[in-house]
There are 2 protein chains.
Amino acid sequence: MPTPARTSLGEIVVAGRAIVETDGLEGLTMQKVAAAVGVRSPSLYKHVASRGLLVKLIVEDVVRDLGRTLDAVFTGDDPNNDMLTLARAFRDFAHRQPETYRLVFAPVPDEWRPAPEVLASASGAVLKTAAALAGPERALEAARLITAWAHGFLTMELAGAFRLGGDIDEAFTYGVKRLTDAVTRS
Amino acid sequence: MPTPARTSLGEIVVAGRAIVETDGLEGLTMQKVAAAVGVRSPSLYKHVASRGLLVKLIVEDVVRDLGRTLDAVFTGDDPNNDMLTLARAFRDFAHRQPETYRLVFAPVPDEWRPAPEVLASASGAVLKTAAALAGPERALEAARLITAWAHGFLTMELAGAFRLGGDIDEAFTYGVKRLTDAVTRS
DNA sequence: ACCTGAACACCGTTCAAGT
DNA sequence: ACCTGAACACCGTTCAAGT
């Protein structure tokens, strides 16, 4: 007689993501996840093959969320302003959930990397804005330049590397403007 | 009767760093470190208080190494060329030891963060070059802009985020030049 | 078809006992 | 003063047994 499922993969991913946000990646244990969804840890393996795969699914969930967040603030009207708005939304997103944000670019084995199409789903607005600034042929390199800078800035900020002096908000805005100018075709 | 020490903190840090480089941070176990220095894992606690503290000491070792590497290529003659040379040395360093490099900006609890003076010891050459390009008052923000970009670029590269198309070496060189121009006082 | 307790091979860390 | 085996409280994962 089949037992009805007491949880689901979706529920497990949501619970796991909340645990990572609260306790960090190393705080994500199968037992905590199981307790959060109301089963014992061995039962999780009926829904997800391993902790590593669960982490991958959590990261893909975060990336999709980031994509929706960026798409929501993109206007397509003024590329200079869009880039600043996108960068600030990016930073807000990372500040709101630093533990899951940093997983997006964490080096993991290939099998646990977010799928390329999921990553692509988060880069549309930045690419369109970069194309408007730098021209279609240079859109990719411009988008990468700004994304790399923003991610590096956030990583260092979250790691406490900017501890010594200076207004961090101002430094961020300064950076976006400098980089927007730098990639704009003249 | 005192037993002579069979290992030392220095030896433990060197062994631990090698293990992180080979097996990643999650592969760093006290048992592996103990085996590498020829004792049993409980004995390590006579030399280092915890695995977390060992990680901190490993990171500080890596940062000092990075500082020496950058100082070695810095000339002080031509700031444009120095910045390119420093950026490439930075990238080479990260490529040679990706697992330990990424620990440098990993968000960890305060007590396990590398000491500020150790971090400062690695930033001298970049700061001097940034000052030559941007002027003394803007040196800090210029150095941070380029460091954040370089770190973000490397993180994304090591995470496999640049998988789709383009020559990565060329993209890196392009980035350095664009940023050098962007921070140069006119 | 999913859930469970028991078990296995690990972890980091503590501690009493050795030298 | 340092080293050790044994122990404790955890991990992820497997598996036979329940429903």
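In what follows, chains carry the letters A, B, and so on, assigned in the order in which the sequence lines appear, proteins first and then strands, with residues in each chain numbered from 1. Bear in mind the structure is a predicted one, so any value in this text is a computation, not a measurement.
Nearest heavy atoms, A/Val126 versus A/Met83: O-CE, 4.4 Å.
In this pair, A/Phe90 and A/Tyr101 present their aromatic rings perpendicular. The plane angle is above 60°, beyond the 30 to 60° band. Taking the six-membered ring where the residue is Trp, A/Phe153 and A/Trp149 present tilted rings, their angle falling between 30° and 60°.
In this entry the distance linking CE of B/Met30 with P of D/dG5 reads 17 Å, nearest Å. Straight-line distance from the CG atom of A/Leu44 to the P atom of D/dT13: 10 Å, rounded to whole Å. Between B/Arg40 atom CZ and D/dC3 atom P there is a gap of 13 Å when expressed in whole angstrom units. One can place OH of A/Tyr45 at 6 Å from P of D/dG12, the figure rounded to the nearest angstrom. Whole-Å rounding puts the B/Lys46 NZ to D/dC3 P distance at 9 Å. Between A/Ile19 atom CD1 and D/dC11 atom C1' there is a gap of 14 Å when expressed in whole angstrom units. Summarising the geometry, the separation between CG on B/Leu9 and P on D/dC3 is reported as 12 Å, rounded to the nearest angstrom. Computed from coordinates, the A/Glu11 CD to C/dC3 C1' distance equals 15 Å when rounded to whole Å.
Between A/Lys32 and A/Asp23 there is a salt bridge, since at least one side-chain N of the basic residue sits less than 4.0 Å from a carboxylate O of the acidic one. One finds no salt bridge joining A/Asp181 and A/Arg178 here, because no Lys/Arg side-chain nitrogen approaches an Asp/Glu carboxylate oxygen to under 4.0 Å. Between A/Asp65 and A/Arg17, at least one side-chain N (NZ, or NE/NH1/NH2) sits under 4.0 Å from a carboxylate O, which counts as a salt bridge.
Contact between the side-chain N/O atoms of B/His47 and the OP1/OP2 oxygens of D/dC3 is found at a separation under 4.0 Å. The side chain of B/Arg51 contributes an N or O atom lying less than 4.0 Å from OP1 or OP2 of C/dG12. Residue A/Gln31 places no side-chain N or O under 4.0 Å from the OP1 or OP2 atom of D/dC10.
Residue B/Thr7 is in sugar-phosphate contact alone, with no base atom involved, counting any heavy-atom pair closer than 4.0 Å across all strands shown. Among the protein residues, B/Ser50 comes within range of the sugar-phosphate backbone only, with heavy atoms under 4.0 Å from sugar or phosphate atoms but none that close to a base. Counting any heavy atom pair closer than 4.0 Å across all strands shown, A/Thr29 reaches sugar-phosphate atoms only and no base atom. Within 4.0 Å (heavy atoms only), B/Leu28 reaches sugar-phosphate atoms of the nucleic acid but no base atom.
The base of D/dT19 sits within donor-acceptor range of the side chain of A/Thr3, with an N or O pair under 3.5 Å.
The neighbour count for B/Arg40 CZ, taken as heavy atoms of other residues, nucleotides or ligands under 6.0 Å away, does not exceed 12.
With a cut-off of 3.5 Å on both pairing distances, the Watson-Crick and G-U wobble pairs of DNA chain C assemble into stems of 3 or more at C:4-8 with D:12-16, C:12-16 with D:4-8.
Position along DNA chain D of the nearest nucleotide to B/Pro4 versus B/Pro42 favours B/Pro4 as the more 5'-ward residue.
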